[in-house]
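In what follows, a single structure is set out as structure tokens and then discussed.
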Amino acid sequence: MADKHISTWDVISDLNVLGLLFFMGVSLVFFFNQEWGSGIVLLCFPLSIAIFTFTFRILAILKPNTHVDGLPLEQFPFGDEHHLAILFKWGLVISMLILLVLGYEYLVSPAYFQVLFDTFMFMITFVYIICFHLAVNKVWVTARVELDYRDVMNEMSAPGDGGGAVGKKYVLWGATRERFNRFSIINIIMFAFILLANFIELAIIQDRYAIPISLPEDGAGGANFGFPVVLVTILVLEPVIFIFILGKAYKEIYNYDVDDLIPSLVKIEQDDKRRELIIKFLERAREIRFLSKNK
């Protein structure tokens, strides 16, 4: 039976998408009501997270459309898009609430706002950084190619050769996933270093701002407040690195090179004949997918 085709209406009417749109709409109304002026630049944090939230939610909805009918092969170039959407959704909610609370704190107790501002900037940066680094980790853990042995036998074997084959699911990883342990350590080190640099700049270095901002109901702006250099770097660098890694994962899994999948296949299938059939199937499946994509 062919998979149900997911239409644009299915995306627009999705309750998660509608709920996120409602939350963003209400949050933005409260934020602009605080009259931040040039402080609107603070929205870059939740808006950046929101882009990835909607992207992965939409990808999760459209996932069935990527399957080629009759091909016993499933590809997950970004791993678990549903999990990634939830991760960024919570990052969006928390970061947006932090900004709203920060704005009201200034209106209530402006005398103590310097400490509050630095503290809240560290909190929102922490949420921002951890979203991307957890997502990177999740992509490499779950990005994979899956195929069913019994269906592969039916597809590739001569009549009778695959009779009585036991169903077995093969999960194959890309070349980068084979080096995951080393990559994971680098990811943790980068997270700790960026967070430490952010803490040092907020706690020690004062009056060095890449982007000065005005405070709520303060059109002239506050000379002691703004986006420090490290915050601006984090804001730009984190999504850029993440997009680069997504592109690499997409290439390794969706446009896979069969030779890159062989090392993981060797680990889970010791039978030479079965392994040879699977390799031939992967080569054929790649050609079929290419043809179906260019119809």
Side-chain angles (χ1 to χ4, degrees), residues 11 16-32 34 36-61 78-103 117-140 187 190-199 201-202 209-214 225-250:
V11 175
N16 283 279
V17 173
L18 293 175
L20 286 170
L21 288 172
F22 177 77
F23 172 79
M24 285 299 295
V26 172
S27 298
L28 289 174
V29 168
F30 280 105
F31 181 83
F32 287 116
Q34 293 175 345
W36 273 93
S38 64
I40 192 176
V41 71
L42 293 171
L43 279 176
C44 289
F45 283 105
L47 289 180
S48 177
I49 297 175
I51 291 173
F52 290 99
T53 304
F54 283 104
T55 298
F56 285 116
R57 181 57 198 167
I58 292 171
L59 287 175
I61 297 170
F78 306 132
D80 188 346
E81 293 91 349
H82 178 70
H83 176 95
L84 293 172
I86 293 175
L87 171 64
F88 280 104
K89 179 182 72 174
W90 282 110
L92 168 61
V93 171
I94 294 172
S95 61
M96 198 70 222
L97 290 178
I98 288 174
L99 277 188
L100 292 177
V101 173
L102 176 63
F117 183 83
D118 292 341
T119 302
F120 275 71
M121 283 300 96
F122 180 80
M123 290 167 59
I124 197 171
T125 307
F126 176 80
V127 172
Y128 189 77
I129 296 172
I130 203 168
C131 278
F132 286 105
H133 284 265
L134 286 177
V136 164
N137 206 61
K138 187 66 177 178
V139 168
W140 285 128
N187 186 37
M190 286 183 61
F191 170 76
F193 175 78
I194 294 172
L195 198 64
L196 180 62
N198 180 48
F199 174 79
E201 186 168 49
L202 288 172
Y209 300 122
I211 305 176
I213 65 172
S214 59
F225 298 97
F227 257 30
V229 176
V230 171
L231 253 67
V232 175
T233 304
I234 291 171
L235 180 64
V236 176
L237 194 61
E238 287 289 319
V240 168
I241 293 175
F242 184 54
I243 291 172
F244 171 78
I245 291 174
L246 288 178
K248 188 171 180 59
Y250 181 90

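Residues: numbered from 1 along the sequence shown.
- I124 contributes atom CD1, which lies 13.0 Å from atom OG1 of T119 (distance to the nearest 0.5 angstrom).
- Side chain of E81 to main chain of L59: no donor-acceptor pair is present (N/O by atom type, distance under 3.5 Å, no hydrogens or angles).
- In this structure, the separation between CD1 on I243 and OG1 on T55 is 8.5 Å, given to the nearest 0.5 Å.
- Looking at every heavy atom in both residues, I49 comes nearest to S95 through CD1-OG, 3.9 Å.
- By the neighbour-count criterion of 12 heavy atoms within 6.0 Å, atom NE2 of H82 is sparsely surrounded, having that number or fewer from other residues, nucleotides or ligands.
- Scanning all heavy atoms of the two residues, the minimum distance from I129 to E238 falls at O-OE1, 4.1 Å.
- The minimum heavy-atom distance between I234 and P239, with the atom names listed, is O-CD, 4.1 Å.
- With hydrogens and angles disregarded, no donor-acceptor distance shorter than 3.5 Å links the side chain of N198 to the backbone of V230.
- Remark: I241 CD1 to I194 CD1 distance equals 6.0 Å, nearest 0.5 Å.
- Residues F56 and I86 fail the side-chain proximity criterion, which asks for heavy atoms closer than 4.5 Å.
- Other residues, nucleotides and ligands contribute at most 12 non-hydrogen atoms within 6.0 Å of the CZ atom of F199.
- When all heavy atoms are compared, the tightest approach of F31 to G39 is CZ-O, 4.0 Å.
- Taking the six-membered ring where the residue is Trp, F122 and F126 present parallel rings, their angle staying beneath 30° rather than reaching 60°.
- Here the straight-line distance linking atom OG1 of T53 with atom CD1 of I58 works out to 10.5 Å at 0.5 Å rounding.
- Note on ring orientation: taking the six-membered ring where Trp is involved, the planes of F88 and F52 are parallel (angle under 30°, cut-offs 30° and 60°).
- Put simply, the residue from Y128, F193, F191, F242 that forms a ring pair (Phe, Tyr, Trp, His ring centres under 6.0 Å) with H133 is F191.
- For the side chain to side chain contact (heavy atoms under 4.5 Å, CB included) with W36, the qualifying choice from V41, L102, L43 is L102, the only one to do so.
- Interatomic distance, CG of L28 versus CG of L47, reported as 6.5 Å (0.5 Å rounding).
- Q34 approaches L99 most closely through the heavy-atom pair OE1-O, 4.1 Å.
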Full working for side-chain contact (heavy atoms from CB on, under 4.5 Å) between C131 and F45: CA-CA 11 Å; C131 278; F45 283 105; over 6 Å; no
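- Note: K89 NZ to L87 CG = 11.0 Å, rounded to the nearest 0.5 Å.
- Shown here for L92 and P46, the closest heavy-atom pair between the two residues is CD1-O, 3.4 Å.
- The closest side-chain heavy-atom distance from L231 to M121 is below 4.5 Å.
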